[in-house]
*Asks:* 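Below are the structure tokens for one structure; questions will follow.
Just so it is clear, the model here is predicted, and its values are computed rather than measured. Side-chain atoms are counted along with the backbone in the values below, which use heavy atoms only and exclude waters and symmetry mates.
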Amino acid sequence: MKKIIFLLAVSLLSVTGFSQLVIKAEDAIKHVGEKVTVCGKIYGGKFIETAKKQPTLLNMGDKYPNQHLTIVIWGDLRSKLSYKPEERYADQQVCVTGTIVLFKEKAQIEISEEGQLKFQVL
């Protein structure tokens, strides 16, 4: 019996040790510096073609300037996509995986590959 309990405990620890932390957009600011998966609704986006590195900014959790998380897709990745992210993800529930950083006191995740951003299955 003790062996079974021990094996269950080890299995649980190994599963949780390798699992990705999934959080809500409103909690993103509490996880700066951590690699997490954030799920929430995209309330709008903007492609800034004239800016350096041509970012696409997607606002998760609320409309700009009250967004809980900004998803940044740089122009070099955007040019490889077959769609416009600000249109494809508008009003959609998505999950994004990456490390949360602060930019002007707001939480953001920079996307370096398309697989980091996925539609959320409800």
Side-chain angles (χ1 to χ4, degrees):
M1 182 66 171
K2 287 183 180 180
K3 284 186 178 182
I4 292 173
I5 293 172
F6 174 75
L7 289 173
L8 284 173
V10 169
S11 296
L12 239 158
L13 287 174
S14 63
V15 169
T16 56
F18 294 108
S19 63
Q20 186 71 49
L21 180 62
V22 179
I23 63 172
K24 296 178 183 177
E26 57 266 23
D27 295 327
I29 196 75
K30 300 174 190 172
H31 295 274
V32 173
E34 296 178 36
K35 184 175 181 182
V36 297
T37 297
V38 186
C39 297
K41 182 178 176 183
I42 300 298
Y43 281 83
K46 184 174 185 176
F47 174 45
I48 309 174
E49 190 173 9
T50 57
K52 183 179 181 182
K53 296 172 110 178
Q54 298 182 312
T56 299
L57 308 174
L58 303 178
N59 302 309
M60 182 184 277
D62 205 345
K63 294 179 182 178
Y64 177 85
N66 300 312
Q67 74 278 15
H68 299 292
L69 177 74
T70 302
I71 301 167
V72 181
I73 303 169
W74 296 112
D76 58 343
L77 174 59
R78 181 189 172 97
S79 67
K80 297 174 186 173
L81 302 176
S82 61
Y83 57 88
K84 296 176 181 178
E86 69 279 10
E87 293 176 5
R88 180 177 185 178
Y89 296 112
D91 298 316
Q92 300 295 316
Q93 293 286 333
V94 301
C95 292
V96 60
T97 300
T99 302
I100 298 178
V101 297
L102 277 183
F103 180 76
K104 296 186 178 181
E105 302 304 313
K106 292 282 191 174
Q108 75 175 30
I109 291 179
E110 296 181 9
I111 301 295
S112 59
E113 56 187 58
E114 186 177 4
Q116 286 179 263
L117 189 60
K118 298 179 182 178
F119 287 103
Q120 184 179 6
V121 179
L122 299 174

*Asks:* Give me the atom names and distance for the closest heavy-atom approach of T37 to C95.
*Replies:* CG2-CB, 3.9 Å
*Asks:* Please check: side-chain N/O of Q116 versus main-chain N/O of S112, any donor-acceptor pairing under 3.5 Å?
*Replies:*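 Side chain of Q116 to backbone of S112, a donor-acceptor pair under 3.5 Å: yes, one is there.
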*Asks:* Test side chain to side chain contact (heavy atoms under 4.5 Å, CB included) on I100 and E34; report intermediate values, then the result.
*Replies:* CA-CA 6 Å; I100 298 178; E34 296 178 36; over 6 Å; no
*Asks:* Work out which heavy atom in G61 is nearest to a heavy atom in A25; give both atom names and the distance.
*Replies:*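 Where G61 meets A25 most closely, the heavy atoms are CA-CB, 4.1 Å.
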*Asks:* If you round to the nearest 0.5 Å, how far is NZ of K104 from CG of L102?
*Replies:*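 So the CG of L102 and the NZ of K104 are separated by 13.0 Å.
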*Asks:* Cluster question for you: counting only ILVMFWY and a side-chain heavy-atom cut-off of under 4.5 Å, with indirect links fine, are L21 and V101 together?
*Replies:* no
*Asks:* Any Lys/Arg nitrogen of R78 or E86 sitting under 4.0 Å from an Asp/Glu carboxylate oxygen of the other?
*Replies:* yes
*Asks:* Identify the heavy atoms of G40 and Q120 that sit nearest to each other, and give their distance.
*Replies:* N-OE1, 4.0 Å
*Asks:* Do side-chain atoms of K106 reach the backbone of P65 as a donor and acceptor pair under 3.5 angstrom?
*Replies:* yes
*Asks:* Any donor and acceptor pair, going by atom type alone, linking the side chain of Q54 with main-chain N or O of E49 inside 3.5 Å?
*Replies:*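 Yes; at least one donor-acceptor contact below 3.5 Å.
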*Asks:* Find the distance between NE2 (H31) and CG (L69) and round it off to the nearest 0.5 Å.
*Replies:* 11.5 Å
*Asks:* From K80 NZ over to I73 CD1, what is the distance, rounded to the nearest 0.5 angstrom?
*Replies:*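 Taking NZ in K80 and CD1 in I73, the distance rounds to 13.0 Å.
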*Asks:* Any side-chain heavy atom of V22 within less than 4.5 Å of one from V36?
*Replies:*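 A side-chain contact under 4.5 Å is absent here.
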*Asks:* What's the shortest heavy-atom distance between K118 and G115, and which atoms?
*Replies:*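 So the two residues come closest at CE-O, 3.2 Å.
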*Asks:* Is the F119-Y89 ring centre distance short of 6.0 angstrom?
*Replies:*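 Yes, ring centres under 6.0 Å apart.
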*Asks:* Does OH in Y83 sit with more than 12 non-hydrogen atoms of other residues, nucleotides or ligands closer than 6.0 Å?
*Replies:*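 It does: Y83 OH has more than 12 such atoms within range.
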*Asks:* Under 4.5 Å between any side-chain heavy atoms of V38 and V94, yes or no?
*Replies:* no
*Asks:* Between D27 and K30, is the closest basic N to carboxylate O distance under 4.0 Å?
*Replies:*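 Result for this pair is yes, salt bridge flagged.
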*Asks:* Can any side-chain N or O of Q67 pair as donor or acceptor with the backbone N or O of M60 at less than 3.5 Å?
*Replies:* no
*Asks:* Is there a side-chain contact between Y43 and H68 (heavy atoms, below 4.5 Å)?
*Replies:* no
*Asks:* Tell me, with the steps shown, if L57 and I71 meet side chain to side chain contact (heavy atoms under 4.5 Å, CB included).
*Replies:* CA-CA 6 Å; L57 308 174; I71 301 167; over 6 Å; no
*Asks:* So if you build clusters from Ile, Leu, Val, Met, Phe, Trp, Tyr with side-chain heavy-atom gaps below 4.5 Å, do I42 and Y64 land together?
*Replies:* no
*Asks:* What distance do N66 atom CG and N59 atom CG have between them, rounded to the nearest 0.5 Å?
*Replies:*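 Taking CG in N66 and CG in N59, the distance rounds to 10.0 Å.
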*Asks:* Does the side chain of T56 reach to within under 4.5 Å of the side chain of L81, using non-hydrogen atoms?
*Replies:*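 Not touching, per the 4.5 Å side-chain cut-off.
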*Asks:* Within the 4.5 Å heavy-atom criterion, are E110 and W74 side-chain neighbours or not?
*Replies:*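 Yes, their side chains come closer than 4.5 Å.
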*Asks:* Roughly how far apart are E87 CD and Q92 CD, rounded to 0.5 Å?
*Replies:* 12.5 Å
*Asks:* Between V96 and L58, is any pair of side-chain heavy atoms under 4.5 Å apart?
*Replies:*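 Not in contact.
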